[in-house]
Amino acid sequence: MSLKNLIIHSLEKEQHSREVNPIISEATIGLNDDAVINFCDNLIDSYKNDNKISNSKFKTESFFKEDYDAFYSEDLTFVESTTRMIQKMEYKLSSVTSAKGGKFAFILEERDGNSFFYVFLIRDVKGGQISYSQEQKKYILNSIEYADTNNLAMAVRVNKKVYSEEEQRNYLSFTYSGVKQHEVSGYFSDWVGADEMHKNSEYAADLKKAINQIGDILEGEFQGSVTEKLQGVLRYVESNNEDFLNLYSLSEYLYGEDNRNKLRTVLEDNNYAFTEKFQLIPSSRKQFRNISVKANNITLQFPRHLYDEEIVDVRGGIVSIKDETLANKILEDYSYHDNDDRE
């Protein structure tokens, strides 16, 4: 991990009020102090470990995106771009009486050849961790060992590498500790200019992709084929009267307690759409069902997507399976038993 920039701005606002008092830092915070590094590391770790997360993309018209682009094109400095961003949040907050203000920590991190732009909204920080220096005209961090991440309300991260791809995937991700999911799609995501959060059907489709990517588990207590894991999703959901799927408990159900974050890791690493909890609606369930048939002493069981992708094809009363590995195994088994018969 390589921290490149940190700046903190503040918007003071009480709930049920339209009055917003901005406190703008005119300089970044130096990154040569252990307290500062610990502060940033704790915030970033809190993002990575937060159970409540959703992802999206920028809308075509996004003022936040304009300032973000201007920073990376070097038309604006980090201070200038974040100042413009917070000024737009000031306007947004003044129109939402139910919203409260807080301190906004902007962090730029470079890791594994990629750049990550974070914004953390922190409320009710105790113990004087963050204070404004009139002399330095900026927020500073006092000697602290860790950030009070219990007071982290919301955060957003922009994945620069994915954002720069021609075929743009989900480069925006939100965490929303301590608030309901729909609040993320309110003033905070409006400020960022995020497109609508994904539909349940999209979460289901990408969950299936992740399970396929994990592949067969060949040993251990939770061994099983991809086909069996997809069926396991249905068994898990059917045990829930409301048909809701919790990503983390599902991961434990399929892969064991030690793999609570397995599904999220695969989803996030591949920039698939995901969230902590969603409803597996009836139209999405068929993605996880297997086709299972038996006729003339032949039994076939396989995931539906193999039929959709024409790997298993049925035409003119003939079933064909386009899988070289399966074909070789059939021939090997036939040859093995044929040799047994000769002996």
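Position 1 is the first residue of the sequence; numbering continues from there.
Residues Phe104 and Phe120 place their aromatic rings such that the two centres sit no closer than 6.0 Å. A distance below 6.0 Å separates the ring centres of Phe78 and Phe71.
Cation-pi check for Arg264 over Phe274 is not met; the charged atom does not lie both under 6.0 angstrom from the ring centroid and within 45 degrees of its normal.
Side-chain contact between Leu234 and Leu280: present, with at least one pair of heavy atoms (C-beta onward) separated by less than 4.5 Å. By the 4.5 Å heavy-atom criterion applied to side chains, Val156 and Tyr118 are not counted as neighbours. Side-chain contact between Tyr187 and Ser98 is absent, with no heavy-atom pair separated by less than 4.5 Å. The side-chain heavy atoms of Ile211 and Leu254, taken from C-beta on, include a pair separated by under 4.5 Å. The shortest distance between side-chain heavy atoms of Val158 and Phe58 falls below 4.5 Å. In this structure, the side chains of Ser133 and Tyr139 stay at 4.5 Å or more apart for every pair of heavy atoms. In this structure the side chain of Phe39 never reaches within 4.5 angstrom of the side chain of Asp41, judged on heavy atoms. For the pair Ser62 and Val192, the minimum side-chain heavy-atom distance is 4.5 Å or more.
Looking at Tyr72 and Ser81, their side chains never bring a donor and an acceptor atom within 3.5 Å of each other.
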message: Before you tell me yes or no, could you show the steps for Glu252 and Asn259 under side-chain contact (heavy atoms from CB on, under 4.5 Å), namely the whole-Å CA-CA distance, both residues' side-chain angles and the distance that decides it to 0.1 Å?
response: CA-CA 6 Å; Glu252 290 182 345; Asn259 290 302; over 6 Å; no
field: Chi angles and distances behind the side chain to side chain donor-acceptor pair (under 3.5 Å) call for Ser164, Lys160
entry: CA-CA 6 Å; Ser164 301; Lys160 179 65 165 60; 3.1 Å; yes
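Using cut-offs of 30° and 60° on the angle between ring planes, the pair Tyr68 and Tyr163 is perpendicular. The aromatic rings of Phe117 and Phe106 lie perpendicular to each other, with more than 60° between the two planes, well past the 30° mark.
The side-chain contact (heavy atoms from CB on, under 4.5 Å) search around Ser251 returns Tyr255, Lys262, Leu263, not counting sequence neighbours.
Residue Leu267 comes nearest to Asp206 through the heavy atom pair CD2-O, 3.4 Å, listed as atom of the first residue, atom of the second, then distance.
Neither Val20 nor Tyr91 shares a network with the other; the hydrophobic side chains, linked directly or stepwise wherever heavy atoms of I, L, V, M, F, W or Y lie under 4.5 Å apart, form separate groups for each.
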